[in-house]
Amino acid sequence: MKRILVSGPWITQKEIDYVTDAVTNAWYENANIYHERFEKAFVECIGVKFAISLPSCLSAIHLSLLSLGIGPGDEVIVPDVTWIATSAPISYIGATPVFADIDEKTWCLSAESFEKLISPKTKAVIPVDLYGNIPDMETIRNIAQRYKIFIIEDAAEAIGSEYKGHKAGSFGDTGVFSFHGSKTLTTGEGGMLVTNKENIFHRCLFLRDHGRKARKPGDKMFWNTEVAYKYKMSSMQAALGLAQLERIDELVERKRQIFNWYQSELGNIQGITLNYEAPNTKNTYWMVTVVLDEKFGFKKEELISLMSEKNIDCRPFFYPLSSIPAYKDLKQVTQAQQRNKNAYKISSYGINLPCGMNMTKEKVNYICEALKSILGLS
Ligand SMILES: Cc1ncc(COP(=O)(O)O)c(C=O)c1O
């Protein structure tokens, strides 16, 4: 069996046609047509008022924090288990990330842990829709409202997911998405910021274009009123994103199909936990993930190297942020390490299995057989 990689996109003639058209025609007076179409379609898809296409989800989180007025001395609560892109922009703006535990079932931010960590310095929380799931958003929103804390919903991994009939990304003051090559919808690299608040929308537009206001006839050109950023997506990326977005239902269905193949092979095995889907949630399973019972005696790194010997590429469950060297100098990491029991337990025994868009049932069967034989189950 050829090496099976963990993730990758599904590109059709539609994407090739749109990108070809963008590189051929999206210049001069048409320079922005694909951005406009992509953002308009995105607004409709997520059910929000405004969307801004960006070069990455990281930049969307950075702009969210800046536009909400968060800065030095403030604290922002994030789940301990996520990709560092969720928390890195908190440091960029001189604020402090505070690491909360995750929920045992959803693997997303624990509402209880979030509430316990609120201090007078807490200005925002960034719940993460980990691996395509959605946390207990209703409770998180109620807590945030009670304490007057902003929400930035990190939906980088969750395009198309739903919670109580609403789309991932629509639950916060801002919502942010990633279109990295590994994601369900890709633009190669790219991101989107969505919001329902007009003032945040305009502030983000201003900040992502070197602190320039939209010009009216007669205004001076190159007249920057603040030192800001250059965060823009190219037309070719926007065209790719638009083509993918027009296929979003089929992309999401493919992800759910891949998960179902895994579930039928592994779902009934004692000691193997797959991604959870609450009754009121639609999980889009960006990463099919298994968490193994300690009784098997395998930590994730060992399992990944044994799977690799069988030509299967897996990824470790994200390490708790409070465990990685990047944050060793943060005062609160020792407390977080002791406090965040779920984060440490789940992360140690979790791996992401291959679930790129090119997966087939045969490949899934091969992977499940390999996993079972390593675990001594076949
Ligand atoms: C949870 C989460 N947040 C943020 C990001 C950052 O996305 P990007 O690489 O587009 O900046 C990622 C990317 O993988 C992610 O998984």
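Numbering of ligands and ligand atoms starts at 1, following listing order.
Among all protein heavy atoms, the one lying closest to atom 13 (C) of ligand 1 is Lys183 NZ, 3.2 Å. In terms of protein heavy-atom proximity, atom 16 (O) of ligand 1 is closest to Glu157 OE2, 2.5 Å. From the protein, the heavy atom lying nearest to atom 12 (C) of ligand 1 is Trp83 CD1, 3.6 Å. Of all protein heavy atoms, the one closest to atom 7 (O) of ligand 1 is Cys57 CB, 3.2 Å. Ranking protein heavy atoms by distance to atom 10 (O) of ligand 1, first place goes to Ser178 OG, 2.7 Å. Of all protein heavy atoms, the one closest to atom 11 (O) of ligand 1 is Leu58 N, 2.9 Å. In terms of protein heavy atoms, atom 3 (N) of ligand 1 is closest to Asp154 OD2, 2.7 Å.
Both cation-pi conditions hold for Lys300 and Tyr319: the charged atom is under 6.0 angstrom from the six-membered ring centre and inside a 45 degree cone around its axis.
For Phe296 and Phe298, the ring centers are positioned 6.0 Å apart or more. Taking the centre of each ring, Tyr229 and His62 come in below the 6.0 Å mark. Under the 6.0 Å cut-off for aromatic ring centres, Phe99 and Tyr327 qualify, their centroids lying closer than that.
Taking a 4.5 Å side-chain heavy-atom cut-off between Ile, Leu, Val, Met, Phe, Trp and Tyr, the cluster of Tyr147 extends to Ile77, Val98, Leu109, Phe114, Leu117, Ile118, Val125, Ile140, Ile143, Ile149, Ile151.
Residue-level proximity to ligand 1 for Ala156 is carried by the side chain, the only part with a heavy atom below 4.0 angstrom.
Listed by number with element, the atoms of ligand 1 under 4.0 Å from a non-hydrogen atom of Gly190 are 10 (O). For ligand 1, the atoms sitting less than 4.0 Å from at least one non-hydrogen atom of Thr86 are 1 (C), 3 (N), numbered in the order shown with element in parentheses. Against a heavy-atom cut-off of under 4.0 Å, Ala85 is close to the following atoms of ligand 1: 4 (C), 5 (C), 6 (C). Residue Thr82 approaches ligand 1 through these ligand atoms, each under 4.0 Å from one of its heavy atoms: 1 (C). Heavy-atom proximity to Val128, at under 4.0 Å, picks out these atoms of ligand 1: 1 (C).
Not close to ligand 1: Ala60, with no non-hydrogen atom less than 4.0 angstrom away.
The aromatic rings of Tyr131 and Trp107 lie perpendicular to each other, with more than 60° between the two planes, well past the 30° mark.
Side-chain contact between Met192 and Met233 is absent, with no heavy atoms from C-beta onward closer than 4.5 Å.
Of all heavy-atom pairs spanning Asp129 and Pro135, the tightest one is OD1-CD, 3.3 Å.
A distance of 9.0 Å separates CG of Asp293 from OH of Tyr349, quoted to the nearest 0.5 Å.
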